[in-house]
Novice: 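Next up is a structure, given as structure tokens.
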Number of protein chains: 2
Amino acid sequence: MVATFIGNIEARLDEKGRMFIPAVYRKILAAEQSTRVVMRRDTENECLVIYPEQVWNKRVEQLGEELDEWNPDDQMLMMQFVADAEYLEPDSQGRILLQKRNLQQIGATGDLLIVGMMNRFAIWDKQTFLNKKIGQREFAEQLRKRMSKKSF
Amino acid sequence: MVATFIGNIEARLDEKGRMFIPAVYRKILAAEQSTRVVMRRDTENECLVIYPEQVWNKRVEQLGEELDEWNPDDQMLMMQFVADAEYLEPDSQGRILLQKRNLQQIGATGDLLIVGMMNRFAIWDKQTFLNKKIGQREFAEQLRKRMSKKSF
DNA sequence: CTCATATTCCCCACATTGCACCACATTTTA
DNA sequence: TAAAATGTGGTGCAATGTGGGGAATATGAG
């Protein structure tokens, strides 16, 4: 049975800007034979998204084939999407090194929060995420609306 | 014939925060080949819901794929749903370890109550559940209204 | 181009804690 | 009443998270 990235884990940066990947997540990566990951700033939110290499490849490999047939504007869009991405390889302790510019992108001040997103996961500034999170009651209500057909 | 989670069982935490899964429930999990379970705070009530891994997967498996096409608000909603969930693996004695933050979420003070919910089950603070429970007469009445078509 | 300074990436070491394991009490079943 | 299954408690070790030294590499100033 394949596990997915769920849950949220607090994390901190050491003085060198390194952040550990939680053991639970590391196991999933190992199972997918993705030691390497791809990171890019999220398009919608103030966070960094990390894809297992496999997932990333699946997502963009067809796009590469089709790229020539696209119109210039769309090509530019895709170029920008790819340009912001980078490979990361965890060190022997399972940590990844975050650049200053990456941390600036998510307004990271102190503590971080690693948030599972099923087939990938995100890195948030802890406070930013908590501010964004809606209250329990409102959450339930919106979810009820969204999932009016299916119940969770 | 697949058994479902029914009934209610009292449970306590030891000093380490471990709670046993009742033998009846363990048997159901074993039958579903789910040793691992997924736990998350219930959206509607002050309790923790535990899904056999299979049941959880069935609910959310396509969501990861489709997520990209959703609008940002719904994405955020789903992220929050997933972020609050976590895998739990019972130890060899069939116990699961509950974190302090989980217990806070349900206002657990002393005794707990494990309550079956058909394909999943919930952990309540015993007193909270008993307070929430309505009297026998009122219960019958509401049930009659609700199930006016189907008979139990 | 050269040197100084910062960044990246190897290591090794160690504190902490989750978890496997063992032991036994208690309850249920035969 | 014996035997099996279930629930309870505690110990110890390996896995995980954390820190830092120092070599290799990049960056930037003069």
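FYI, side chains are in, hydrogens and waters are out, and symmetry mates aren't considered; it's all heavy atoms of this structure. Convention: sequence-line order gives letters A, B, ...; per-chain numbering from 1. Being a predicted model, the structure only gives us computed values, none of them experimental.
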Novice: For residues 76-84 of chain B, dump all side-chain donor-acceptor pairs below 3.5 Å to protein atoms at least two apart in sequence or in another chain.
Specialist:
residue : atom : partner : partner atom : Å
B:Q80   : OE1  : A:I134  : N            : 3.4
B:Q80   : NE2  : A:I134  : O            : 3.0
B:D84   : OD1  : A:K133  : NZ           : 3.3

Novice: Only counting residues at least two apart or in another chain, list the ones meeting side-chain hydrogen bond (donor to acceptor under 3.5 Å, both in side chains) with A:D74.
Specialist: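 Scan of A:D74 (side-chain hydrogen bond (donor to acceptor under 3.5 Å, both in side chains), adjacent residues dropped) gives A:N71.
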Novice: With rounding to the nearest 0.5 Å, note down the distance linking CE in B:M117 to SG in B:C47.
Specialist: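 Between B:M117 CE and B:C47 SG, I get 6.0 Å after rounding to 0.5 Å.
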Novice: Please assess B:R41 against A:Q136 for the test side chain to side chain contact (heavy atoms under 4.5 Å, CB included), listing each intermediate value before the final yes or no.
Specialist: CA-CA 10 Å; B:R41 191 213 193 290; A:Q136 178 70 13; 3.2 Å; yes
Novice: Identify the two heavy atoms, one from A:E44 and one from B:P72, that lie closest to each other, and give their separation to 0.1 Å.
Specialist: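 So the minimum-distance heavy-atom pair works out to OE1-CG, 3.2 Å.
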Novice: Sequence neighbours excluded, which residues qualify as side-chain hydrogen bond (donor to acceptor under 3.5 Å, both in side chains) partners of A:R95?
Specialist: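 Checked A:R95 against side-chain hydrogen bond (donor to acceptor under 3.5 Å, both in side chains); matches are A:D91.
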Novice: Nearest whole angstrom, please: distance from the P of C:dT28 to the CD1 of B:I9.
Specialist: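 It works out to 13 Å between those atoms.
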Novice: Should we say atom CD of A:Q33 is surrounded by more than 12 heavy atoms from elsewhere, each under 6.0 Å from it?
Specialist: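 Open.
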Novice: Five pairs per end, C1' atoms only: what is the angle between the end axes of the helix from C:dC1-D:dG30 to C:dA30-D:dT1, to 10 degrees?
Specialist: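 Between the first-five-pair axis and the last-five-pair axis there is 40°.
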Novice: Pull out every residue in residues 20-28 of chain A that has a heavy atom closer than 4.0 Å to any atom of DNA chain C, ordered by number, or say none.
Specialist: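 Correct list: empty, so none.
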Novice: List in chain and number order the residues that pass ring-ring contact (aromatic ring centres under 6.0 Å, His included) with A:F5, two or more places apart in sequence or in another chain; answer none if no residue qualifies.
Specialist: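 Residues passing ring-ring contact (aromatic ring centres under 6.0 Å, His included) with A:F5: A:Y25, A:F121.
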Novice: Kindly write out the residues that satisfy side-chain contact (heavy atoms from CB on, under 4.5 Å) with B:L13, not counting sequence neighbours, or none if the list is empty.
Specialist: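 B:L13: side-chain contact (heavy atoms from CB on, under 4.5 Å) contacts with B:M19, B:L98, B:L103, B:L112.
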Novice: side-chain hydrogen bond (donor to acceptor under 3.5 Å, both in side chains) with B:K27: which residues, sequence neighbours excluded?
Specialist: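 Expected list: none.
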Novice: What range of DNA chain D does chain B touch, first nucleotide to last, counting atoms under 4.0 Å from its heavy atoms?
Specialist: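 That gives a stretch of D:dT6 to D:dT11.
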Novice: Protein within reach of the bases, or only the backbone? For nucleotides 18-27 of chain C, mark each nucleotide 5' to 3' as B, S or -, using heavy atoms under 4.0 Å.
Specialist: -B-BB-----
Novice: Who are the side-chain contact (heavy atoms from CB on, under 4.5 Å) partners of A:L88, not counting sequence neighbours?
Specialist: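 Scan of A:L88 (side-chain contact (heavy atoms from CB on, under 4.5 Å), adjacent residues dropped) gives A:V37, A:M39, A:E86, A:I96.
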Novice: Who are the side-chain hydrogen bond (donor to acceptor under 3.5 Å, both in side chains) partners of A:R36, not counting sequence neighbours?
Specialist: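 Partners of A:R36 under the side-chain hydrogen bond (donor to acceptor under 3.5 Å, both in side chains) test: A:E53.
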Novice: Please confirm whether the shortest side-chain N or O distance from A:K100 to OP1 or OP2 of C:dA6 is below 4.0 Å.
Specialist: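 A:K100 to C:dA6 OP1/OP2: no side-chain N or O under 4.0 Å.
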Novice: Kindly compute the distance separating CD1 (B:I123) from CD1 (B:I106), expressed to the nearest 0.5 Å.
Specialist: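 These two atoms lie 6.5 Å from each other.
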